[in-house]
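Nothing here was measured: the structure is a model prediction, and the numbers come from that model. Note on naming: letters A, B, ... go to the chains in the order of the sequence lines (proteins, then strands), and numbering restarts at 1 for each one.
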Amino acid sequence: MSDTDVSPSGRDFIREMVARDLAAGKRGGRVVTRFPPEPNGFPHIGHAKSICLNFGVAQDFGGTCHLRLDDTNPETEDQAYVEAIRRDVRWLGFDWGENFFYASDYFEQLYDFAVELIRRGKAYVCSLNEDEIREYRGTVTEPGRNSPYRDRSVEENLDLFRRMRDGEFPDGAHVLRAKIDMSAANMKMRDPLLYRIKRATHYHRGDAWCIYPMYDFAHPLSDAIEKITHSLCTLEFENNRDIYDWLVDTLEVPDPPRQTEFARLNMTYTVMSKRKLLQLVERKLVAGWDDPRLPTLSGLRRRGFTPAAIRDFCDRIGVAKANSTVDVTLLEHCQREDLNVRVPRVLCVLRPVKVVIENYPEDQVEELDAPFYPRDVPKEGSRTVPFSRVLYIERDDFAEVPPKGFHRLSPGREVRLRYAYIIRCESVVKDAAGEVIEIRCTYDPATRGGAAADGRKVPGTLHWVSAAHAVPVEVRIYDRLFQVERPDLEEAPFEELLNPQSLETLTGSLLEPAAADPALGDWLQFERQGYFFRDPVDSTPERLVFNRTVALRDSWAPEAQKAAAPAAASPAASASRAPKPPKETEAKAPEPLTAEELEQLAHLRGVLQPVLDAVLAAHPAEVERYRSGQTGILGFLVAQVMKRGAQPGGGKPSPKLVNVLLTQALGG
RNA sequence: UGGGGCGUCGCCAAGCGGUAAGGCACCAGACUUUGGAUCUGGCACCCGGAGGUUCGAAUCCUCCCGCCCCAACCA
């Protein structure tokens, strides 16, 4: 990208900052970012925000973005997570090229940095135990006390640190600490720990090390090693920035990277913390990391969410510093928008009820033409659907006693079967329990294809399948995992918060035969239902399994609610939305003009009259709005006059006087 | 409580002293062989609150209120 893209107002405050840095000639015009996950869990959509940001900023400014595993704690990390991270970043559509790194590959350099810190008298080996360290740290309101080991000589520190590395001491015997300030107001600066002794096998380095650097030490220096220019992280690291700066400055790292924080993503009806996700998986409240109800990228992928939709979502939520929780309906909207324009429509009856067309010949089968796409989707393609005497329609599409506003089938009413015929319900057959098990209908042979030749209006169109031709499939209807909007704010156990309807498995669904063809692709829209994705794990040619990615918008659902609970709709709800009285614009006592100003005013009026007239003439709408009481717009008009009204002498007119003149001109 | 950050529509979010963008959600209507899609219109006289500066304040100043983060040998 060229310099012309360095605009003062970017898409977000981070891009603005990068643009400013570039414009100021900082960092030799380079932009290098990094996505630095710890491989201790599966990436989720919150990570996607960070991935899109880091790779996106690099892309926008012609820079590069590294993928670096921040693997400094061997106890929680695993190679399996590394694979998941690599796969998911790639799946999202980003490419780190050659720039794939492990912080653990820097352990030797990091060790050297630590030695250098000791040499400069800026780090020491502390032999307090964990509890003592905590105690010496003080509290948020009281300063800490210096460790008794703080003044060890450089030689002693060098020797001890060397022996820590050599494995001469048991775990926890010593730590390396930065020598900063035990009374710092920022708790993070009270001699933070840099290294701890930990005999654990590292998934990547094996047993090569028994001391491991802490995040606060490893992260900034890994950034420095990779010559990162902009280190973007989430808000909870704001306090850590002081250490970051202290380290790169104390070690005199050339052209040091700088850290900038942004708000992490939260989303309604789900949890995002690794701890809670892990808990859901371990307690088997979900089927695994790739459970389609989880916000993990593997879960979303299995559910049928697409990289394009997730990237679009990340674009739309923005990047800012305010903690926020994004409405999951935005994600759903992005997904529908992506699939709408490219997915074939087919007919699938999720919960079937039998329909017999009494006047349709027993053994007749017709092949009816049906396009895959509606007229507003610019794609071609069609198939035929078999029609016969015995069909199935959706159970919900029939009501013996139709609620108000019901457009579907009920006794005596007509309805259109999509691409087929208009039928009328003549009677129903019930079982012993009184449940409708069969709907008896007649069809109108003159309506083949679904069009009523006589122009008669049919209120509803239903999806259907032919009993003899339909393919049985399994359909998994996924819904929000939690029934509360903000589960992260609740203290109740998961069991009470989870949505019992988050998964409904339908084993008796019936798919039209042509739709079983895998050549149609992995995504299908089941008309009037939603977008579905062939389950990549359980679906086989013999037993098709579809996951509902997202339902279609349903403008009947809210109506149906009202119809079901008519008494609940009280007019009281609307009362609170009564029109507010217009705010009293306190007519500030017009500040009296001085005699001098009065004199100027007369003069100004003479000079400015043409300008005033021109401005008022040029902005009739604004004038109208002013006259109708929207007086705030006066500022706009003043600005217009100021712009055009440079006086002959060159000086700008006094805005105060322009204000007065305008007010008068407007009839004030 | 000391320090750091943040408060603009139900949810996100622009705004950088001169007419409160946009999206999602919601509501109404048009169109419709998906109660889908699309289109049109409606949704903040007001920016956490109170003062102040200014011709003019969401933007500047002062005070106050609320929320988040920090006292792991986690990241």
Problem set entry | Footprint string (nucleotides 27-32 of chain B, 5' to 3'): B base within contact, S backbone only, - free, heavy atoms under 4.0 Å | -----S

Problem set entry | Salt bridge A/Glu394-A/Arg408, side-chain N to carboxylate O under 4.0 Å | no

Problem set entry | Nearest-nucleotide pick for A/Asp327, side chain only, options being B/G35, B/C11, B/A75 | B/C11

For this session: Mind checking ring pair (Phe, Tyr, Trp, His ring centres under 6.0 Å) for A/Tyr443 and listing every partner two or more places apart, or none if nothing turns up?
Result: A/Tyr360, A/Tyr421

For this session: Please measure how far the P atom in B/C6 lies from the corresponding atom in B/U62, and state the result in whole Å.
Result: 16 Å

For this session: Name the nucleic acid region contacted by A/Asp171, choosing base, sugar-phosphate or nothing; use a 4.0 angstrom heavy-atom cut-off, strictly under.
Result: nothing

For this session: May I ask you to say what A/Arg316 touches in the nucleic acid, namely base, sugar-phosphate or nothing, with a heavy-atom cut-off under 4.0 Å?
Result: sugar-phosphate

Problem set entry | Distance, C1' atom - from B/A25 to B/C12, rounded to whole angstrom | 11 Å

Exercise. Taking atom C1' in both B/C63 and B/U53, what distance in whole Å separates the two?
Worked result: 15 Å

For this session: For nucleotides B/A44 and B/C26, find the distance between their C1' atoms and express it as a whole number of Å.
Result: 15 Å

Problem set entry | Side chain of A/Ala320 (C-beta onward), nearest among B/A14, B/G35, B/C73 | B/A14

For this session: Flag as yes if A/Trp556 stacks onto the base of B/G35 (centroids under 5.5 Å, planes under 30°), otherwise no.
Result: yes

Exercise. Between B/A75 and A/Thr72, is there an OP1 or OP2 to side-chain N/O distance shorter than 4.0 Å?
Worked result: yes

Problem set entry | Chi-based syn or anti call at B/C11, which uses purine or pyrimidine torsion atoms and a 90° bound | anti

For this session: Indicate, with a heavy-atom threshold strictly under 4.0 Å, whether A/Lys198 touches base, sugar-phosphate, or nothing.
Result: sugar-phosphate

Problem set entry | Span that lies between the P atom of B/G3 and that of B/A50, in whole angstrom | 27 Å

Problem set entry | Between B/C73 (C1') and A/Leu193 (CG): distance, integer Å | 5 Å

For this session: Name the nucleic acid region contacted by A/Arg345, choosing base, sugar-phosphate or nothing; use a 4.0 angstrom heavy-atom cut-off, strictly under.
Result: base

Exercise. Checking only heavy atoms, does the side chain of A/Glu337 share a donor-acceptor pair with the base of B/C24 at less than 3.5 Å?
Worked result: no

Exercise. Looking only at atom P, what distance separates B/G2 and B/U19, rounded to whole Å?
Worked result: 40 Å

Problem set entry | Validation row: A/Arg34, A/Asp223 side chains within 4.5 angstrom (heavy atoms) | yes

Exercise. Just one of A/Arg456, A/Arg424, A/Arg416 clears the salt bridge (charged side-chain N to carboxylate O under 4.0 Å, His left out) bar with A/Asp444, so which one?
Worked result: A/Arg456

For this session: Assign A/Glu142 to base, sugar-phosphate, or nothing according to its heavy-atom contacts below 4.0 angstrom with the strands shown.
Result: nothing

Exercise. Is A/His407 stacked on the base of B/G35, meaning ring centres closer than 5.5 Å and planes within 30 degrees of each other?
Worked result: yes

Problem set entry | Interatomic distance at P, B/G10 relative to B/C16, whole Å | 23 Å

Seminar exercise, completed: When A/Asn73, A/Thr76, A/Thr72 are each screened for side-chain hydrogen bond (donor to acceptor under 3.5 Å, both in side chains) with A/Glu38, the one that passes is A/Thr76

For this session: Answer syn or anti for B/A14, where the cut-off is 90° from 0 on the glycosidic torsion.
Result: anti

Seminar exercise, completed: Winner on side-chain proximity to A/Leu330, out of B/C24, B/C73, B/U34, is B/C24

For this session: Would you mind classifying the nucleic acid contact of A/Gly530 as base, sugar-phosphate or nothing, using non-hydrogen atoms under 4.0 angstrom?
Result: nothing

Exercise. Reading nucleotides 3-8 of chain B 5' to 3', which nucleotides get B (base under 4.0 Å from a protein heavy atom), which S (sugar-phosphate only), which -?
Worked result: BSSS--

Problem set entry | Nearest-angstrom distance, P atom, B/G52 to B/C11 | 31 Å

Exercise. Can a donor-acceptor pair under 3.5 Å be found between the side-chain atoms of A/Gln529 and the base atoms of B/U34?
Worked result: no

Exercise. Does a distance-only test, which skips hydrogens and angles, find a donor-acceptor pair under 3.5 Å between the side chain of A/Arg408 and the base of B/G35?
Worked result: yes

